[in-house]
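Here's the structure we're looking at; comments come further down.
The analysis underlying the following values was restricted to heavy atoms, covering all of them including side chains, and did not include hydrogens, waters or symmetry mates.
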Amino acid sequence: QVQLVESGGGLVQPGGSLRLSCAASGSTFGIIRMGWYRQAPGKQRELVAVITSVGSTNYADSVKGRFAISRDSAKNTVYLQMNSLKPEDTAVYYCNAYNSRQGNYWGQGTQVTVSS
């Protein structure tokens, strides 16, 4: 019903920047919030940032002041601007969308590697 496709991952140096994109397609009318999660090797998946249908945002403490989530409702796309990247940001980043009637949907993930 909802398909999520992430893009923008890659290899960057510490202190660098990267912008991730997540395009939603299908039955997107009922989506009330979207967000980004990440999972590093040997760790559980954790919430990075979320944005609601009214524009409210929430961030993990570890990324506050460095990352910014935004959305383009007309394009059903959410973005994650990542600045001042650190090696500990290395993870697979997953896009998430929550539909009030259908539940959660997940993208396939995109790898972000921060290394010098």
Side-chain angles (χ1 to χ4, degrees):
Q1 293 175 304
V2 176
Q3 296 80 45
L4 304 174
V5 179
E6 303 104 328
S7 62
L11 174 64
V12 296
Q13 295 184 349
S17 298
L18 205 62
R19 189 176 79 155
L20 306 182
S21 299
C22 174
S25 61
S27 301
T28 62
F29 300 103
I31 296 175
I32 60 174
R33 66 177 182 266
M34 296 183 69
W36 291 93
Y37 292 70
R38 68 186 182 187
Q39 187 167 21
K43 297 183 179 180
Q44 294 188 347
R45 188 174 300 185
E46 65 176 351
L47 186 147
V48 177
V50 294
I51 186 166
T52 71
S53 60
V54 297
S56 299
T57 59
N58 190 35
Y59 298 91
D61 289 340
S62 60
V63 306
K64 287 181 179 178
R66 299 189 298 120
F67 291 9
I69 188 170
S70 61
R71 74 174 195 271
D72 185 334
S73 297
K75 297 181 179 180
N76 293 311
T77 300
V78 65
Y79 306 93
L80 184 67
Q81 179 66 47
M82 304 184 293
N83 299 321
S84 302
L85 284 163
K86 305 175 180 179
E88 49 263 46
D89 295 318
T90 296
V92 177
Y93 284 70
Y94 296 91
C95 181
N96 169 264
Y98 180 73
N99 184 294
S100 61
R101 294 185 296 110
Q102 303 298 325
N104 281 293
Y105 296 87
W106 296 92
Q108 80 285 352
T110 184
Q111 177 70 47
V112 172
T113 302
V114 185
S115 179
S116 59

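The shortest non-hydrogen separation linking Leu85 to Arg66 is CA-NH1, 3.9 Å. Pairing each heavy atom of Val78 with each of Cys95, the nearest pair is CG1-SG, 3.9 Å. Summarising the geometry of Ala40 relative to Ala91, their closest heavy-atom pair is N-CB, 3.8 Å, with the distance given to 0.1 Å. Taking all atoms of both residues into account, the shortest heavy-atom contact from Gln102 to Asn99 is N-OD1, 3.0 Å.
For the residue pair Gln111/Tyr93, the side-chain donor-acceptor check at 3.5 Å is not satisfied.
Ion pairing of Lys64 with Asp61 is present here, as a side-chain N (NZ or NE/NH1/NH2) and a carboxylate O approach within less than 4.0 Å.
To the nearest 0.5 angstrom, Asn83 atom CG is 8.5 Å from Phe67 atom CZ. Atom-to-atom distance recorded for Leu11:CG and Thr90:OG1 is 8.5 Å, nearest 0.5 angstrom. If you take OG on Ser53 and CZ on Arg71, they are separated by 6.5 Å, rounding to the nearest 0.5 Å. The CG atom of Leu80 sits 11.0 Å away from the OG1 atom of Thr110 when rounded to the nearest 0.5 Å. A distance of 8.5 Å separates OG in Ser56 from CD1 in Ile51, rounded to the nearest 0.5 Å.
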Task: Worked verdict on Tyr59 versus Ile69 for side-chain contact (heavy atoms from CB on, under 4.5 Å) - done: CA-CA 9 Å; Tyr59 298 91; Ile69 188 170; 3.5 Å; yes

Task: Gln13 and Ser115: CA distance, side-chain angles, deciding distance, side-chain contact (heavy atoms from CB on, under 4.5 Å) verdict - done: CA-CA 5 Å; Gln13 295 184 349; Ser115 179; over 6 Å; no

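Taking hydrophobic clusters as Ile, Leu, Val, Met, Phe, Trp and Tyr residues chained together by side-chain heavy-atom distances below 4.5 Å, Leu20 does not share a cluster with Val92. By the rule that hydrophobic residues join a cluster once side-chain heavy atoms approach within less than 4.5 Å of another member, Tyr105 and Tyr94 end up as members of separate clusters.
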Which atom pairs, donor and acceptor, lie under 3.5 Å between side-chain atoms of residues 41-50 and protein residues at least two apart or in another chain?
from	atom 1	to	atom 2	distance (Å)
Glu46	OE2	Arg38	NE	2.8
Glu46	OE2	Arg38	NH2	3.4

Please tabulate, for the side chains in residues 21-37, all donor-acceptor contacts under 3.5 angstrom to protein atoms that are two or more places apart in sequence or on a different chain.
from	atom 1	to	atom 2	distance (Å)
Ser25	OG	Gln3	OE1	3.4
Thr28	OG1	Asn76	ND2	3.3

